[in-house]
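Worksheet: the structure to be examined is printed underneath.
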Amino acid sequence: MPRNAESKSAAAPPAPSKGEGLARRRVAGPVRDLAIVLGDQLDIDAPLIRELDPVRDAVLMMEVAEESTRVWSSKQRTTVFLAAMRHFAMDLQSRGVRVHYITLDDADNQQSFGREIRRAVDLLRPARLRCTWPGEWGVLAQLQNAARLANVPLELLEDTHFLTTRDEFSGWAAGRRQLVMEYFYREQRRKLGILVDAKGGPVGGKWNYDADNRAAFKTAPKPPLPPTHEPDEITREVMALVERRFPEAPGTLTHFRWPLTRAAALRELDDFIDNRLPRFGDHQDAMWEREPFLYHSLLSTPLNLKLLNPREVVGKALRAYEAGRVPLNCVEGFVRQVIGWREFIRGVYWHIGPDYANRNALDQHGRLPEFYWTADTDMNCMRHCLSEVRDNGFGHHIQRLMVTGNFALISGVSPRAISDWYLAMYADAVDWVTLPNTLGMAMHADGGVVGTKPYAASGKYIDRMSNYCSGCKYDVAARTGPQACPFNVFYWDFLIRNRERLRSNQRMSMILKNVDRLAEAERSTIAHDAERLRKRFQISGEE
Ligand code: SF4
């Protein structure tokens, strides 16, 4: 470097950070429409964005601490949202959109959506607020309240990211005694013309290939690793901010790998279709030590941020199937998750209403054990699943349902406590996803709206689907005594405690007959052992 350039450089003020750069390009009012873009609404094709007038309108984006502290949020999750928002805002600015961006460290930041919206309204004097329908009841109320207090009309736009509107789902659900996902999924297939033949029947003759998707591994698998998206300068800046602002937040940022731009999300999608989808189906339910991803997609995070659209995700999977690169059971299993389960869960969330969060049909009130946050437990399956969530912000659906969720269900943890944990720890967690999946599916707290029976399982299931038990200090074959697998103890205790409550459920009748056959002395030993474990894990009382 020439000497004069060096000295000039030394005398110049430090370059603004990317976050400061975003904040410095503030918008001057008044504006016509102020379009509020939330952290899980980064959809470049949303009508809210497409209808912006670059001269008269502006976008408002806000980083508020309330979102990371109202319910605890892990370092991974907070970084995912803030870094993806910053990338999206810069993308908008590069397209000529005026963005009023409030960073977390802004000295005037009021750290709540409601107060920040009112501050922006005072500054920019918009004629109208617009926002895509949010993903959470609480945020909807905050938006409406802020608009009312600011005395500005608020227009909420349908979220076109989804394949099913809230009204369409409610129309489907109206009058049904039970909302069965499988029936919803079949209608989605017909409606969208996906994997259906000329007569409207399923391609291949079956709607569902789940029975082919339960192959366990016999030896160590060698699935191809998903791509790592190295954090760029913007993401590294957010990581440092999160470490500084939320040092006590759970989880680590050591293995941060998430795609946070649309381009990176498309790379993630292509990699999954080419390298893991062809074997996704067969081993969908398998678990293996030190193989956190196996053949699973990691697309739920960019999908829930709206960086990807479900239509393009399913379209690419179907084209790979039609080209003969992916077998039917694999593509069907994947399509079911995107057009079936994901849309069903969102429909349930909005159809039932905010009261859903308080449901507790099994009357469970236990505390969440501390090891859920730290992974410091001697149960090998839990240690592996929890440390992967802590370090990756990810666990696949069987780990979520049959290990971490199952343990909370059978041990008696309160559904709200475990639901808040899922919302905090997973990089893809948003309220409409977490509540029905946790309260409904994992905890049966909705009394059977989402799942037709409680997904309670003993250690035998985990042993069949993983290699966890061979490295565990507990005996997976025992259900009583100090070495008995805690999953076995809690499983039988759960059935004993709930057998009258579950007796009317046809799908539980075979299992409950096994409980009825237990001798009274064994039932009492199981109940005693379960209470001892609950105290040891601090689910109830002190040991
Ligand atoms: Fe988990 Fe029980 Fe197996 Fe240990 S023995 S890994 S606690 S299922």
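For ligands, and for the atoms within them, numbers begin at 1 and follow the listed sequence. Quick caveat, the model's predicted, so the values are computed rather than measured.
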Are side-chain N/O atoms of Ser540 and Glu531 paired as donor and acceptor at under 3.5 Å? yes

Output, in order, the C-alpha distance, side-chain angles, deciding distance and verdict of ring pair (Phe, Tyr, Trp, His ring centres under 6.0 Å) for Tyr356 and Tyr349. CA-CA 8 Å; Tyr356 193 84; Tyr349 179 87; 7.6 Å; no

Could you check whether atom CD of Glu248 has more than 12 heavy atoms from other residues, nucleotides or ligands sitting under 6.0 Å from it? no

Option set Ala484, Cys469, Cys381, criterion heavy-atom distance to atom 3 (Fe) of ligand 1, minimum: Cys469

Identify whether NZ of Lys or CZ of Arg in Lys453 sits under 6.0 Å from the centre of the six-membered ring of Tyr455 and within 45° of that ring's axis. yes

Which atoms from ligand 1 have a heavy atom of Cys472 less than 4.0 Å away? 4 (Fe), 5 (S), 6 (S), 7 (S)

How far is atom 2 (Fe) of ligand 1 from its nearest protein heavy atom, and which residue and atom is that? Cys485 SG, 2.3 Å

Which ligand 1 atoms are under 4.0 Å away from a heavy-atom of Gly459? 8 (S)

Any atoms of ligand 1 less than 4.0 Å from a non-hydrogen atom of Tyr474? List them with their elements. 5 (S)

Looking at Pro224, is its backbone amide N or carbonyl O close enough to the side chain of Asn275 to form a donor-acceptor pair, meaning the two atoms are under 3.5 Å apart? no

